[in-house]
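Notes follow the structure.
Lettering of chains follows the sequences in order, A, B, ..., and the numbering in each one begins at 1. Reckoned from all heavy atoms, side chains included, excluding hydrogens, waters and symmetry mates. Since we're looking at a predicted model, the values are computed, not measured.
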Amino acid sequence: MSELIVILLSMALINNIILVRYLGLCPFLGVSRELKPSFSMGMAVTFVMLVASLATWVINHYVLIRFNIEYMYIIVFILVIASLVQVIELFIKKTNFALYSAFGIYLPLITTNCAVLGVTIINMMENYTLLASLVSALGSGLGFTLVMAVMAGIREKLDLADAPKSMRGAPVALITATLLGLAFFGFSGIV
Amino acid sequence: MTHIAALAGIALACGLIIYLVFVKVPQKVKGLEKTEQINAILPGANCGACGQPGCFAYAQALSQQPDLVTRSPCSMTLNDPERVAQLEKALGVTLDASELSRKAVIHCAGNSEVICEYSGAMTCKAAAQILGGYKRCPYACMGLGDCAAVCPQDAISIDPDKNIALVDQSRCTGCGLCVAECPHNLIELVPAGTKIVLLCSYRPLRDIPGREKCELGCIRCRKCLKACEHDAMEWNKEQGIVQIIQDKCTQCHKCIEACERRGLIDLSKAHEEDPVRAE
């Protein structure tokens, strides 16, 4: 049990997927302008990470390892994750339109996001069990959501700040991201 | 051999699952039939020119308020008569496609002389920062292709000899993405029924001393005005340019013949009679 908590905390804070592993930077800078969409994005990524971890764990253990073709994991994982997200999108579009509108454009956007692929590959490299994979995916997703929400909160305030003209927009956002990254390095060494 | 078989098997399984979900899962959500119907008519390019985040969102908005089609029209749909008819049927409105549909026109014949060597970033926006561009005319098309880069239809090409952008009118859907890109504001969206256009943006009212127009630029001689037999041309005093009243124009081409600077062209024959190509 304590092992799972360690995995959860380490994936969420210490080895944060965005600020420490530098994965998923595209949504981190692209969708972090307002709090609400960035939170939805974080939720969608968490969900897809969980589903993708489950699917890739099964594929890895029952197909790749069994037929001795582990070296093909990247292409197989991309294929599986992409089609899985498509199936989910199609399914909720047909059954629950409110949920579909809530996910909106985010679900297709994260189909081939490197953060999602990264978590599944980390799970594989660390030889996690199924439960540990799911916990690690949950931790990564929560860490992703946390960083997205923090960044969006700061950027909402930054829009009102009187930054020099040349620094407005992307430059000041990147500097904010750097400071945020430094702050998260403070977690390193806790576990 | 096993790895090929395994990969093919996984891919097949994935495809099969998507197909099964697509076919077998019942459509439980009601009230979307109209949206789906409209969505099928829309081009599906998700270009965003209508102001909605995608074609499906536009279809959803249209199903709730059909008059949106005139306020923020989808130009890609309006350029296809078949789609227009289907959309009219689906929405229960009548559309005047020629009224709403637009085409992009680049108001420059591109004969301006290059006055200095430019070796900075190869975008029009960067080049326009330095002395208003590297061509003699401050309203010249610099031909570095900012407009071509954003065109979703690949309708804009760069003429390699004259180094200016040309719009293929048959491909242009009038989405207007290029208009914002041009740092010299040369691109205008004109109604699709426009007949004659003036290929010059050099206007005396915004004259810049020492920066002259090229030998194809409009010199305000008003010969076209006198040549017109149908009162289809009038002089805009405020802007100092000739304006063409498209309703009265019969495309007799008298003005085009009268123009010594070859600044006027027939938009429908833009590619055949291009003053640049004709040389």
Item to complete: State, to 0.1 Å, how close His3(B) and Ile69(A) come at their nearest heavy-atom pair, and which atoms those are.
Response: CB-CG2, 3.2 Å
Discussion item. With a sphere of 6.0 Å drawn around OH of Tyr62(A), does it hold more than 12 non-hydrogen atoms of other residues, nucleotides or ligands?
Written reply: no
Discussion item. Looking at Gln65(B), I want to see if its CD is surrounded by more than 12 non-hydrogen atoms of other residues, nucleotides or ligands under 6.0 Å.
Written reply: yes
Discussion item. With a sphere of 6.0 Å drawn around CZ of Arg168(A), does it hold more than 12 non-hydrogen atoms of other residues, nucleotides or ligands?
Written reply: yes
Item to complete: Please indicate whether Phe91(A) has more than 12 foreign heavy atoms, meaning atoms of other residues, nucleotides or ligands, lying under 6.0 Å from its CZ.
Response: no
Practice prompt. Over all heavy atoms of both residues, which pair between Val63(A) and Ala6(B) is shortest? Give the atoms and the distance, please.
Written response: CG1-CB, 4.4 Å
Fill in: More than 12 heavy atoms of other groups within 6.0 Å of Glu3(A) CD
no
Worksheet entry | Nearest-0.5 Å distance, SG of residue Cys14(B) to CD1 of residue Ile81(A) | 10.5 Å
Item to complete: Could you walk me through whether Ile75(A) and Leu7(B) pass side-chain contact (heavy atoms from CB on, under 4.5 Å), step by step?
Response: CA-CA 9 Å; Ile75(A) 190 164; Leu7(B) 191 60; 4.2 Å; yes
Practice prompt. Measure the CD1-CG distance between Ile10(B) and Leu79(A) for me, rounded to the nearest 0.5 Å.
Written response: 7.0 Å
Worksheet item: Does Lys89(B) NZ have over 12 foreign heavy atoms under 6.0 Å away?
Response: no
Practice prompt. Mark yes when over 12 heavy atoms from residues, nucleotides or ligands other than Arg33(A) sit less than 6.0 Å from its CZ; otherwise mark no.
Written response: no
Worksheet item: When rounded to the nearest 0.5 angstrom, what is the spacing between CD in Glu36(B) and NZ in Lys93(A)?
Response: 5.0 Å
Worksheet entry | Segment of Leu84(A) engaging chain B (4.5 angstrom heavy-atom cut-off) | neither
Fill in: Residue Val87(A) versus chain B: region with a heavy atom under 4.5 Å
both
Worksheet item: Does the side chain of Phe22(B) come within less than 4.5 Å of Gln86(A)'s, by heavy atoms?
Response: no
Worksheet item: Going by heavy atoms in the side chains, are Val25(B) and Leu90(A) under 4.5 Å from each other?
Response: no
